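Single-structure report; data block below.
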2 protein chains.
Amino acid sequence: MTESESATVDLEIIVQGAQEGKKLELRLWLRMLSTTKLISQEIRRRLRNEFGATLPQFDLMAQLYREREGLRLGELSKRTMVTNGNVTGLVERLEADGLVQRVTPDGDRRVTVAKLTAKGETSFSAMAAAHEGWLRDMMADVEPAIVSELWRDIGAVKSSVSNHLSGADFD
Amino acid sequence: MTESESATVDLEIIVQGAQEGKKLELRLWLRMLSTTKLISQEIRRRLRNEFGATLPQFDLMAQLYREREGLRLGELSKRTMVTNGNVTGLVERLEADGLVQRVTPDGDRRVTVAKLTAKGETSFSAMAAAHEGWLRDMMADVEPAIVSELWRDIGAVKSSVSNHLSGADFD
DNA sequence: GTCAAACCTTTGACATTTCAAATATCGTCC
DNA sequence: GGACGATATTTGAAATGTCAAAGGTTTGAC
């Protein structure tokens, strides 16, 4: 490649605002992944230290908290994006701790419905408030306008990904 | 709060384009988390179906691929954001599959260096190419300019989070 | 009514994950 | 040259995660 060719190419790339060149999607993914891991680990640590809870337990309880009537395990599995088998164990442990209660409805004995106990609601309520504060703190240096933009644009990413899944995952 | 005060507040919120009101950071976090899970699961499924590999193994091999001399397990742990104990098991299994090789350098017998084998390099190379394509496909509906913006802005989030960690995590 | 297909959850095998404690080695101070 | 603190990895317990297969239950077709 001659000097002038090289200069031209560089210019084009710069003009396109993509000096990173190819693999932009890959780079975005790696950054999303590492950022998500970072935040997850921080939340996990704080949940553990301040409440003796785990993140998956918190996630599961969050779903039950907004459905006071309780949810079937399959529905919980979908909402938490966790496999069925995993939900079984999670709910078992939460039940052992008295935070969740399992009920088999009269109509359909195949079904198990999980529901927060009073203790579970109290417990989750405290964790949720702290959790929200942690996130505000962690993102304190990001402009609110940027946070909104990110929320919107990541929604677009999620949409695109949903439309290009190989498996049979549709909603 | 009087009625007129309330009305004023509502108006401000609407004008700011934040009818979601508070908890913007929380909403961003939930969306980041679910999107990341969605993509992870898709990549996991494809790695499994097409290559018989797992995502953590792929991540680990990716680090070794760009450091052909190999990496100490502690360094691998930092780069993959995985705990030390976890790296031990991952490397063990990869070694059993003949993809990675462990060496203890002469100078310091505390250290273990993991390095891709020839088979590991070939294997990873194929997976990496496919992996990059999967991401491009999944994000195909997102404008390149948006992808760039996201990359930049998520960088800002990561920065902010890094500066507000409670633990002793600094780089 | 009965059988088969569909549905919901659990189970079992295995991999990944964290944390804390244990192990092993190195470097240094005296 | 021995003890101590710092480093580096491994181990062990418990939880989370996937997948596939097995268990009950219900429903619908006949």
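Per chain, numbering begins at 1; letters A, B, ... match sequence-line order. All of these numbers come straight from a predicted model, not from anything done at the bench.
An OP1 or OP2 oxygen of dG24(D) is reached within less than 4.0 angstrom by no side-chain nitrogen or oxygen of Arg109(A). One finds no side-chain N or O of Gln57(A) lying less than 4.0 angstrom from the OP1 or OP2 phosphate oxygen of dA15(D). Distances shorter than 4.0 Å separate none of the side-chain N or O atoms of Arg72(B) from OP1 or OP2 on dT9(D).
Gln41(A) has its CD atom 20 Å from the P atom of dA15(D), to the nearest Å. Rounded to whole Å, the distance from CZ on Arg45(A) to P on dT17(C) is 17 Å. What separates CD of Glu95(A) from C1' of dT10(C) is a distance of 14 Å, to the nearest Å. Remark: P of dT10(D) and CG of Leu76(B) are 11 Å apart, rounded to the nearest angstrom. Distance, Leu90(A) CG to dG17(D) P: 6 Å, rounded to whole Å. Rounded to a whole Å, the CD atom of Glu92(B) is 11 Å from the C1' atom of dT9(D). Here dA15(C) presents its C1' atom at 14 Å from CG of Leu47(B), a figure rounded to the nearest Å. Going from atom CG of Asp106(B) over to atom C1' of dC26(C) covers 15 Å, rounded to whole Å.
Enclosure of atom CZ in Arg66(B) is not indicated, since only 12 or fewer non-hydrogen atoms of other residues, nucleotides or ligands lie within 6.0 angstrom. Atom CD of Glu143(A) has 12 or fewer heavy atoms from other residues, nucleotides or ligands within 6.0 Å.
Here the CD atom belonging to Glu149(A) is positioned 11.0 Å from the CD1 atom belonging to Ile154(A), to the nearest 0.5 angstrom.
Of the two residues contacting DNA chain C, namely Arg48(A) and Asn84(A), the nearest-nucleotide position lying further toward the 5' end is that of Asn84(A). If you find the closest nucleotide of DNA chain C to Lys37(A) and to Gly89(A), the one lying nearer the 5' end belongs to Gly89(A).
Across all strands shown, Thr54(A) has heavy atoms under 4.0 Å from sugar-phosphate atoms exclusively, and none from any base. Note on Leu55(A): nothing from the nucleic acid sits closer than 4.0 angstrom, heavy atoms only. Within 4.0 Å of Gly74(B), counting heavy atoms only, lie sugar-phosphate atoms of the nucleic acid but no base atom. In this structure, Thr83(B) reaches the bases: a heavy-atom distance under 4.0 Å links it to at least one base atom across the strands shown. Within 4.0 Å of Asp108(A), counting heavy atoms only, lie sugar-phosphate atoms of the nucleic acid but no base atom. Within 4.0 Å of Val87(A), counting heavy atoms only, lies no atom of the nucleic acid at all.
The nucleotide whose nearest atom lies closest to any side-chain atom of Leu73(A) is, among dA15(C), dT10(D), dT10(C), dT10(C). Relative to the side chain of Asn86(A), the nucleotides dT11(D), dT18(D), dT9(C) differ in distance, and dT18(D) lies closest.
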Quick one: do Glu42(B) and Arg45(B) satisfy salt bridge (charged side-chain N to carboxylate O under 4.0 Å, His left out)? Show the steps, please. CA-CA 5 Å; Glu42(B) 177 69 5; Arg45(B) 175 167 46 232; 2.5 Å; yes
Step by step, work out the salt bridge (charged side-chain N to carboxylate O under 4.0 Å, His left out) result for Arg79(B) and Glu67(B). CA-CA 12 Å; Arg79(B) 298 203 192 186; Glu67(B) 298 285 350; 3.2 Å; yes
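In the interface, the side chain of Arg110(B) is paired with the base of dT7(D) through a donor and an acceptor atom under 3.5 Å apart.
Checked against a 6.0 Å centroid threshold, the rings of Phe51(B) and Phe58(B) do not count as neighbours.
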